[in-house]
Amino acid sequence: MTVPSAVPSETSPPSGQTLCGEAPRSPLRAFLQTETGSAAVLLAGALAALVWANVSAGSYETLWGTELSVRIGSGGVDLELREWLNSGLMTLFFFVVGLEARREFDMGELRERRRITLPLLAGLSGMLVPVAIYLAVNAGEDSVHGWGAAMSTDTAFALGMLAVFGKRLPGSLRVFILTVAVVDDFLALAVIAFAYSGAISLPALLTALGLFAVVLLVRRTLGMRVPSAYAVLGVAIWVALLTSGVDPVVTGLAMGLLTYARPAERGDLEQASRQFRRFREQPTPELERNVRRQIASTLSPNDRLQRMLHPWTSYVIVPLFALANAGITLSTDQLTSAFTSPVTLGILLGYVLGKPLGIIGATWLTTRVSKGRLHPPVGWGAITAGGTLAGVGFTVSLLIATLAFDGDRLEQAKVGILGAVLCSFLLSWLVTGVIGALSAPSRARALLGTGQTIVDLSDPVDMDRDHVRGPRDAPVTLLEYGDFECPYCGLAEPVVRELLADFGDVRYVWRHLPLPDVHPGAQLAAEAAEAADRQGRYWEMHEQMMGHQGDLLPKDLLRYAEEIGLDTDRFLADLRAGTGAARVAADVESADLSGVSGTPTFFVNGRRHHGAYDIDALSAAVKAARQRASLAGAGRKD
């Protein structure tokens, strides 16, 4: 039997795993938390603009009307400071929105393509109904061309208000709202490009399309290995679109949607680990650069760009946009005039009534027409709350209003947009209050519904093959991919035991994922557990090794076998023959298929658990899964 020499365990969690009890965040959750956190800054920017415009309207307009030129040789771009924000920096905002949409398409809820249909139709209807209301209110008026200001949901504000209501609404609603908002943004940019652009210069537009074709060619041939090439081409497309008369912010969303996302692969992580070990032995500048490049390559371009740009767009660019565009002078006469104006009323009614009606109506109609095959991921109460939350329009609405109106009409549009923010919040508060007043079973059904959630676990639990602890017919299954030498798996072990003691209807499944590049004794330990399983003592051996993670040499494993009463000769023969290697390899393969690259990684009823793995976080996940399983069972009976 050949066994690698003992090496001290790594102290940092492999593959980005976070210490037990802290709050690791999935990319989507990180996106949402940044987005919701920025809502406060966005609101502060809007309020600052209102105060500034009412204290010193002259200085406000003078600053944002300042001309700023960027010239290279004889060519250049001349825009007002407000236009640099609206058409320039906001391109980065839409780029980040495109990045998150692509991530959901590649790795998130939308990787099951049929799940795109429902939020797509809801988003489309949620734009058409408000536009219809605006057109009806403004029929016969010369303000009818401003219909685009009444249609698009503000992602930051909507998710920010969702955070305010916190635990009142299910987490799956966030993904639904985000998808609807992305559909909004995509269609709104198309509207801006074709309905609110100036006279079109065909040569410049064809140049932009040609450059975009070059981007597609580079992506197909070189992948994402030369990010600077995409930056240069993106800037060139932006300039070409600006010259053509088409608003260039569409560049950001298009480039974001092209930037693929993928999970970190174990092979890449192992290669990064080997590079770091080489650097540890020979800390030279060349090896340091190699280590940085290798570590960066384990993450997809989507991950790296989101991490770099998202805080800037959320905490700087969007609040600056609000500061530059939300400033209106308020007076009694002006407010009276605004709320009798068809522009204000069209925008206000479009958002407050049209958005919820469009989203809820399209979701209900699609569910009925598809006979339940296309079903919302949450209950109808949550869908209603999502519809009211989507009724907040700010960023894109202001952007279109500045293109469609000027003077008094622009001021009236801004009043309608700001009024819709307030009304949307109050209406959402009312809906969540009504849901909260329901009985517990009715509230659960209203929030969670009976639709099936997406399953992240590629290899379902097999009661005859997997190592299972707890009732075989339990409604909730907690599955862990673990490594016997991983210190974070050791920290999670007592949490799992406490969880099983607290919940009598949970079964626990362990699957092997040894990480030999950082834990040299993990593979042999996993095979030792399988050797013990051949004698019906898997869990006893599991507990011995988890309790002695620093002592996993062959002599230690043999001692544990003796202590739990195994036939040591048979145990040693199985270990030397590697009889458990195939089973361990099968678990590793299932981990790879499920996108698992580090330990510990938990799945609750097949859904990957993102977040802390302390007792509170896992208990909350188990309760939610149990509640959803109960509702799904009731739905099947109905």
Side-chain angles (χ1 to χ4, degrees), residues 28 97 100-102 104-106 108-135 150-153 155 158-159 162 169-188 190-191 257 350-393 424 427-428 431-432 434-435 442 444-455 607 628 631-632 634-638:
L28 175 61
V97 172
E100 183 53 35
R102 180 57 190 257
E104 281 302 297
F105 193 79
D106 288 344
E109 296 278 349
L110 302 182
R111 70 178 184 272
E112 285 189 2
R113 298 298 183 246
R114 66 183 179 86
R115 291 177 178 264
I116 300 174
T117 306
L118 187 60
L120 178 65
L121 293 175
L124 180 60
S125 175
M127 299 180 79
L128 292 178
V129 175
V131 168
I133 290 176
Y134 180 91
L135 292 174
M151 65 182 188
S152 187
T153 296
T155 308
L159 295 176
L162 184 59
L169 297 170
S172 300
L173 181 60
R174 292 178 171 84
V175 178
F176 183 82
I177 290 179
L178 178 65
T179 309
V180 169
V182 168
V183 172
D184 260 4
D185 289 336
F186 188 81
L187 294 178
V191 167
L257 290 171
Y351 276 115
V352 177
L353 295 180
K355 272 290 182 181
L357 288 175
I359 291 173
I360 298 166
T363 304
W364 179 84
L365 185 60
T366 303
T367 302
R368 291 296 298 266
V369 170
S370 68
K371 297 181 179 180
R373 289 189 299 273
L374 296 176
H375 197 282
V378 292
W380 289 105
I383 291 293
T384 302
T388 59
L389 288 169
V392 54
S424 175
L427 195 56
S428 300
V431 170
T432 55
V434 170
I435 295 173
S442 298
R445 182 178 291 274
L447 292 176
L448 299 177
T450 57
Q452 293 185 346
T453 61
I454 192 170
V455 175
R607 181 71 182 244
R628 188 175 290 278
L631 290 172
R636 285 191 293 270
K637 291 177 183 178
D638 295 341

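Excluded from the calculations below are hydrogen atoms, water molecules and symmetry mates; all remaining heavy atoms, backbone and side chain alike, are included. Everything quoted here is computed from the prediction, not taken from an experiment.
T388 places no side-chain N or O within 3.5 Å of a backbone atom of S424 that could act as its donor or acceptor partner. With hydrogens and angles ignored, the 3.5 Å screen pairs a side-chain donor or acceptor of Y351 with a backbone N or O of S152.
Put simply, the side chain of L427 does not reach to within 4.5 Å of the side chain of K355, judged on heavy atoms. Proximity of M151 to V191: side-chain heavy atoms (C-beta onward) are separated by under 4.5 Å at one or more points.
Here OG1 of T384 is found 4.0 Å from CD1 of I360. Values are rounded to the nearest 0.5 Å. The structure places OG1 of T367 at 8.0 Å from CD1 of I383, a figure rounded to the nearest 0.5 Å. Between atom CG of residue L365 and atom CG of residue L374 there is a gap of 11.5 Å, rounded to the nearest 0.5 Å. Here CG of L389 is found 9.5 Å from OG1 of T153. Values are rounded to the nearest 0.5 Å. Once rounded to the nearest 0.5 Å, the distance linking CZ of R368 with OG1 of T363 reads 14.0 Å.
Summarising the geometry of W380 relative to W364, their closest heavy-atom pair is CH2-CA, 3.3 Å, with the distance given to 0.1 Å. The minimum heavy-atom distance linking A101 with L257 is given by the pair CB-CD2, 3.9 Å.
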Hey, can you pull the donor-acceptor pairs under 3.5 Å for the side chains in residues 119-130, sequence neighbours left out?
unit_1, atom_1, unit_2, atom_2, d
S125, OG, G358, O, 2.7

